[in-house]
Amino acid sequence: MVSESSSVPSAPRNPIVLIPARLASVRLPDKPLADLHGEPMIVHVWRRAMEAEVGPVAVACAEPAIAAAVEAAGGRAVLTRPDHPSGSDRIFEALQAIDPEGRHDAVVNLQGDLPTVEPALVQAVLRALADPAVDIGSLVVEIRDPEERRNPNVVKAAVSFAEGAELARALYFSRAPVPYDLWDFDPKEAAVAQPLYHHIGIYSYRREALAQFVALPPSPLEQRERLEQLRALEAGLRLDVARVDTLPLGVDTPADLARARALLAPTGG
């Protein structure tokens, strides 16, 4: 048993969920404030995070308009510098402002453009941190659509699950089909090809790992693949993933927004 005084990390005892949000979006301007049945999208994400009940929730926002929308719904918002290069940098600034004493030992980084995310996914992303050797947790879902196997917009995780296991170590992430895909070698082999996994960009960080990550410069593989999580792997941080069966809708375009509105449409009663 690991004692409380030991420096060896253990399962998080006091996590916090932070949702980075900014108005600047090339494909969908003012995305966090997009209306979804009378409420801004960012408020829907905040509500889903609250429903997960894993810890307190706050929105780390770049503009006062986002903070005002969250606070009007009863949520907590923290204004951060508008020029952060990534959501990870934004939530780290918010964490320092909210909790300078270091009470929260883990942070869930939940993207602000996932208004249909199931609360169970917010819970699942913390499971990997139960292993003291793991620095960062994330999620994957098995790819079912053959078109996604070769779609560079679908990020794949190179990961191998032991039989019956729902957690595994991620060895690499790529926009290419990884591991090697028998589908491309011989379509007749598709029926026996091993699964490929779609990475879901929700993360859990041990507090120390988040501080280490944001202090690192962009890495060569990160810049080549344009995938921030490769910076962590290149630096030797361990990233494990939990396998889930639901892919949340990420809203990046007007078409995605229309889909989100349809999915969240009130049912008649």
Side-chain angles (χ1 to χ4, degrees), residues 12-25 28-82 84 86-126 139 200-205 207 210 246 248-252 256-269:
R13 299 182 178 182
N14 189 21
I16 185 171
V17 181
L18 296 176
I19 307 169
R22 63 189 182 103
L23 294 179
S25 173
L28 190 61
D30 298 342
K31 180 166 61 172
L33 301 181
D35 181 79
L36 288 170
H37 304 292
E39 286 190 320
M41 179 163 59
I42 191 64
V43 171
H44 284 267
V45 180
W46 167 76
R47 291 192 193 284
R48 295 294 179 115
M50 291 292 292
E51 290 168 8
E53 297 183 336
V54 300
V57 179
V59 175
C61 48
E63 296 89 3
I66 301 175
V70 172
E71 290 167 353
R76 183 175 187 181
V78 180
L79 271 175
T80 61
R81 285 172 31 204
H84 281 303
S86 72
S88 302
D89 296 285
R90 193 172 307 286
I91 66 165
F92 185 64
E93 181 190 343
L95 178 65
Q96 292 176 303
I98 291 172
D99 183 29
E101 299 87 4
R103 293 168 302 193
H104 294 295
D105 55 354
V107 183
V108 173
N109 182 354
L110 177 63
Q111 295 178 40
D113 59 3
L114 301 175
T116 67
V117 65
E118 294 183 5
L121 298 190
V122 182
Q123 299 164 352
V125 77
L126 282 163
L139 303 173
I200 300 171
I202 302 172
Y203 296 92
S204 58
Y205 293 87
R207 189 183 184 118
L210 178 60
T246 302
L249 171 63
V251 176
D252 291 313
D256 294 334
L257 182 59
R259 287 183 60 199
R261 285 176 175 147
L263 289 169
L264 294 171
T267 57

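Basis for what follows: all heavy atoms, side chains included, without hydrogens, waters or symmetry-related copies.
Put simply, CZ on R76 and CG on L18 are 9.5 Å apart, with the number rounded to the nearest 0.5 Å. Distance CG/L126 to CG/L121: 12.0 Å, rounded to 0.5 Å. If you take CG on L110 and OH on Y203, they are separated by 12.5 Å, rounding to the nearest 0.5 Å. Atom CE of M41 is separated from atom CG of L28 by 6.5 Å, given to the nearest 0.5 angstrom. Interatomic distance, L33 CG to I66 CD1, rounded to the nearest 0.5 Å: 5.5 Å.
Across all non-hydrogen atoms, the minimal contact from P56 to H104 is CG-CE1, 3.5 Å. Closest non-hydrogen pair, H37 versus P266, comes out as ND1-CD, 3.7 Å. Residues A21 and V59 share a closest heavy-atom pair of CB-CG1, 4.2 Å. Nearest heavy-atom pair across L264 and R48 is CD2-NH2, 3.4 Å. When all heavy atoms are compared, the tightest approach of T246 to E118 is CG2-OE2, 3.6 Å. The heavy-atom pair separating I19 from A49 by the smallest distance is CD1-CB, 4.2 Å.
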Please test R22 against R90 for side-chain contact (heavy atoms from CB on, under 4.5 Å), starting from the C-alpha separation and ending with a verdict.
CA-CA 10 Å; R22 63 189 182 103; R90 193 172 307 286; 3.9 Å; yes

Step by step, work out the side-chain contact (heavy atoms from CB on, under 4.5 Å) result for I202 and V122.
CA-CA 8 Å; I202 302 172; V122 182; 5.7 Å; no

CA sep, side-chain torsions, deciding dist, call: I16, D99, side-chain contact (heavy atoms from CB on, under 4.5 Å):
CA-CA 10 Å; I16 185 171; D99 183 29; 6.0 Å; no

Please assess S88 against Y205 for the test side-chain contact (heavy atoms from CB on, under 4.5 Å), listing each intermediate value before the final yes or no.
CA-CA 10 Å; S88 302; Y205 293 87; 3.3 Å; yes

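The closest side-chain heavy-atom distance from L23 to P32 is below 4.5 Å.
With salt bridges taken as basic N to acidic carboxylate O contacts below 4.0 Å, one links K31 and D252.
P115 pairs with exactly one of V43, L36, D256, L249 by the side-chain contact (heavy atoms from CB on, under 4.5 Å) rule, that one being L36. A side-chain contact (heavy atoms from CB on, under 4.5 Å) with I91 holds for exactly one of I98, V78, L210; it is L210.
A donor-acceptor contact shorter than 3.5 Å links the side chain of E93 to the backbone of R81. Side chain of T80 to main chain of C61: a donor-acceptor pair is present (N/O by atom type, distance under 3.5 Å, no hydrogens or angles). Checked by atom type and distance alone, the side chain of N14 pairs as donor or acceptor with a backbone atom of R103 at under 3.5 Å. D105 places a side-chain N or O within 3.5 Å of a backbone atom of R13 that can act as its donor or acceptor partner.
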